[in-house]
There are 2 protein chains.
Amino acid sequence: MATIKDIAQAAGVSLATVSRVINDGPKVGSDTRKRVKKIMEEMGYRPNANARALVTKKSASLGVVIAELHDPFFAMLAHGVESVTRKNNVQILLSAGSIEKETELRAIETLLEHRVEAMVVHSKALDDKTLVEFSKQVPGFVLINRYIPEIANRCVWLDNVTGGRLMAEYAINQGHEHVAVISSQYRIDDPNQRLEGVRTAIKHANLVLPESMIEYATPDQEGGELAMQNLLATGAKFTAVLAYNDAMASGAMTMLQDHGIAVPEQVSVMGYDDVLLAKYCRPKLTTLRYPVEMMASKAAELALKYASGKKPEEGLTFKYTPTIIKRDSIVRV
Amino acid sequence: MATIKDIAQAAGVSLATVSRVINDGPKVGSDTRKRVKKIMEEMGYRPNANARALVTKKSASLGVVIAELHDPFFAMLAHGVESVTRKNNVQILLSAGSIEKETELRAIETLLEHRVEAMVVHSKALDDKTLVEFSKQVPGFVLINRYIPEIANRCVWLDNVTGGRLMAEYAINQGHEHVAVISSQYRIDDPNQRLEGVRTAIKHANLVLPESMIEYATPDQEGGELAMQNLLATGAKFTAVLAYNDAMASGAMTMLQDHGIAVPEQVSVMGYDDVLLAKYCRPKLTTLRYPVEMMASKAAELALKYASGKKPEEGLTFKYTPTIIKRDSIVRV
DNA sequence: TTTCAAAGGGTATACGTTTTCAACAATTAT
DNA sequence: ATAATTGTTGAAAACGTATACCCTTTGAAA
């Protein structure tokens, strides 16, 4: 592959001049510029991003750490990031961290080896201290879906407590007095916070949520089915079910229907996240919208901004609140 | 960030020795090795991937070009690639090309600037010649979901003609004599090939497929709804509908149900791809499985292999055939 | 004792860029 | 006419790493 030197030789100018042409530098005559450009075209010259990154200490790329790509939620996240990197001519380096400490760590470190100065990371397995440490090393380090007070201005996150509360309040306002909850079995923040919000709303309405009305399972379709099966097996009475996410909600609906229980006529179901499937499943899912794509774009912009030298403002954070999307899976009782 | 030079200085050895330690090189005593390693640990040394790539002319990364990340199909594709890159300690560079000539081209060129020697690309907008040209420049250039005879040994693709045929045959074997087709309005290969297969099967069964029974729309939920609406508006009689993909199938089902037509009791529906939503929608979709994740993994392995110097074998290609996944959206008539 | 090989380690160059500094030519002001 | 300025160009150093080549030491074989 042709290098700058080849071009310089062919054009009869120095390396410096060619470099200036490439970068639209100021100090080169218009005729020379034209000539060099023509030769670059002819020889199919392509600047070497690695050499460039080495000398400028800027990589023109952004690292993304997510859990698993096949999860629609993360696909949306990645898409949100991609839309802004494309606008800025920035390349994405992608790593999956599958919510495991070791893997997440390796993902970030690999990115660091590539000297990306901007990063959007979704980490649930790493502890606060480690992440704060990284944020000191990488100017454009931004967390998504996580809040760490120490680096609040680098966090783009969803208020899950409020989300949980909204969910429960909506069900209660629809007249439901006996609600069951299907939560995730993974003891990370998200399910705990959502559950906390639900509990708050229920207490505030002078209702109760016995432990027997809460089931924990894997946060997917199968988990939702299993959880609902268990709920039904205990013979508990409920008219509404609040699920941890849309996949679990969908699984719960399937299981209810398999037992001849009509949704939403006999039991209402609510999801969380509003990913694609919420629109596809029947009945269409009433759910909480997690604007992950928008948030991811925000995070990417932030990362790029910080990376370019702008200092994160103190006392600032980027909190989003989910909103109810009304569809067909819940009715007034 | 500490460099090799800093380490050398701190350890009182030369650059070469440190480099040897880093790469597990042969000519360094075990005590020196230990000492250097300890110092690297202490100083938090991280090799600079850019400098490395520059001197070795190997980038230890793989480029991926897809259409849009939020499409579940591509999310699966990316995931398939990721699973093998992770195993090989290779970093993913991701670019989206949104099925537009200009964007796809830019995506590949950016990857080229980063000197990735392995690439998995999904391109529908670029012509054969351009892609063949790229394949000559990049040793590990592999196409997914596309077949170009000239570089057959770099193509991992699905036999869409057979897929279309299987689909139609299955419907016919279930006793359906009047089938309608919902296809994609984009005039790329895939829909044409699937349609060709359908036509073959229908002709072979001595049935007919009038043009009025084929509707074209955008290959998503909305397109499926629209296409079905048009089909119903013409008053055409059919007992089965073959959709271009699962999203369109889902849209078609929605529209049918909205018109009070029971699926599958009155009209059967078949999808294609078997993405997530096929399991989530109601009734569960009978569809053709496109093993995209497996294929993407294969493509990534191939790309890495070719990139590492192994020459593509002549007269070899990587053709996959879809299989029917029987669920609930079609019944015997 | 001499000779030699092997092991351990250092020097210097190359990779492809960007950028600082200095030099030169041409133009304008004095 | 000379001095000052502007515009255009080149030489060289630097970025962080890998590696080919050379040097020294050591111990064993001759």
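Letters go in sequence order (proteins before strands), and every chain restarts at 1. Quick caveat, the model's predicted, so the values are computed rather than measured.
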Would you indicate whether [X], at its atom [atom1], is surrounded by more than 12 heavy atoms from other residues, nucleotides or ligands within a distance under 6.0 Å?
X        : atom1 : result
B/Gln137 : CD    : yes
B/Glu42  : CD    : yes
B/Glu150 : CD    : no

Just the table, please: protein N/O against nucleotides 24-27 of chain C N/O, every pair under 3.5 Å.
none

### Message
Centre-to-centre under 6.0 Å for A/Tyr290 and A/Phe73, is that the case here?
### Response
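Ring centres of A/Phe73 and A/Tyr290 closer than 6.0 Å.
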### Task
Under 4.0 Å from any atom of DNA chain C, heavy atoms only: list the residues of residues 37-51 of chain A that qualify, in numerical order.
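A/Tyr45, A/Arg46, A/Pro47, A/Asn48, A/Ala51 - these, ordered by number, are the residues of the stretch whose heavy atoms sit under 4.0 Å from the strand.
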### Message
To the nearest 0.5 Å, what is the distance between OG1 on A/Thr3 and CG on A/Asn48?
### Response
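CG of A/Asn48 is found 9.5 Å from OG1 of A/Thr3.
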#### Entry: B/Glu117 CD to B/Leu112 CG distance, which is reported to the nearest 0.5 Å
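Interatomic distance, B/Glu117 CD to B/Leu112 CG, rounded to 0.5 Å: 11.0 Å.
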### Message
Does a side-chain N or O of B/Ser19 approach OP1 or OP2 of D/dA18 to a distance below 4.0 Å, or not?
### Response
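B/Ser19 to D/dA18 OP1/OP2: side-chain N or O found under 4.0 Å.
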#### Entry: A/Lys57 side chain near C/dT18 phosphate (N/O to OP1/OP2, under 4.0 Å)
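For A/Lys57, the contact criterion (side-chain N or O under 4.0 Å from OP1 or OP2 of C/dT18) is not met.
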In this structure, how many angstroms lie between the [atom2] atom of [N] and the [atom1] atom of [X], rounded?
X        : N      : atom1 : atom2 : result
B/Met1   : D/dG16 : CE    : P     : 11 Å
A/Arg115 : C/dT17 : CZ    : P     : 20 Å
B/Leu54  : D/dG16 : CG    : P     : 12 Å
B/Lys34  : C/dG9  : NZ    : C1'   : 18 Å
A/Lys5   : C/dT13 : NZ    : P     : 14 Å
A/Lys58  : D/dG16 : NZ    : P     : 13 Å
A/Asn23  : C/dT19 : CG    : P     : 7 Å

### Task
Determine the interplanar angle of the A/His79 and B/His70 rings, folded into 0 to 90°, and report it as parallel if under 30°, tilted if 30 to 60°, perpendicular if over 60°.
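Aromatic pair A/His79/B/His70 classed perpendicular.
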### Task
Could you encode protein contacts along nucleotides 5-13 of chain D as a string, one character per nucleotide from 5' to 3', using B for base contact, S for sugar-phosphate-only contact and - for no contact, with a heavy-atom cut-off of under 4.0 Å?
---BBBB--
Side-chain donor-acceptor pairs of residues 299-312 of chain B under 3.5 Å, sequence neighbours excluded:
unit_1: B/Tyr306; atom_1: OH; unit_2: B/Asn153; atom_2: O; d: 2.8
unit_1: B/Ser308; atom_1: OG; unit_2: B/Lys305; atom_2: O; d: 2.8

### Task
Test side-chain contact (heavy atoms from CB on, under 4.5 Å) on A/Met119 and A/Val142 and set out the steps.
CA-CA 6 Å; A/Met119 267 169 84; A/Val142 172; over 6 Å; no
### Message
So if I apply the salt bridge (Lys or Arg N to Asp or Glu O under 4.0 Å) rule between B/Arg146 and each of B/Asp190, B/Asp189, B/Asp128, which one comes out positive?
### Response
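Among B/Asp190, B/Asp189, B/Asp128, the one that satisfies the salt bridge (Lys or Arg N to Asp or Glu O under 4.0 Å) with B/Arg146 is B/Asp128.
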### Message
If the helix axis at each end comes from five base pairs, how far does the helix from C/dT1-D/dA30 to C/dT30-D/dA1 deviate from straight, to 10°?
### Response
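Terminal axis comparison yields 60°.
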### Query
Are any of the side-chain heavy atoms of B/Phe141 and B/Arg154 separated by less than 4.5 Å?
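A side-chain contact exists here, since the closest heavy-atom pair is under 4.5 Å.
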### Message
I'd like to know if the side chain of A/Thr56 reaches the main chain of A/Arg52, judged simply by a donor and an acceptor atom lying under 3.5 Å from each other, with no hydrogens or angles considered.
### Response
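Indeed, once roles are kept as given, a pair shorter than 3.5 Å links the two residues.
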### Task
Using atom types as modelled and distance alone, determine if a side-chain donor or acceptor of A/Asp273 lies under 3.5 Å from a backbone N or O of A/Val275.
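Flag not set: sc A/Asp273 to bb A/Val275 has no pair under 3.5 Å.
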Under 3.5 Å, which donor-acceptor pairs link side chains of residues 30-41 of chain A to any protein atom two or more places apart or in another chain?
unit_1: A/Arg33; atom_1: NH2; unit_2: A/Gly25; atom_2: O; d: 2.7
unit_1: A/Arg35; atom_1: NH1; unit_2: A/Ala11; atom_2: O; d: 2.4

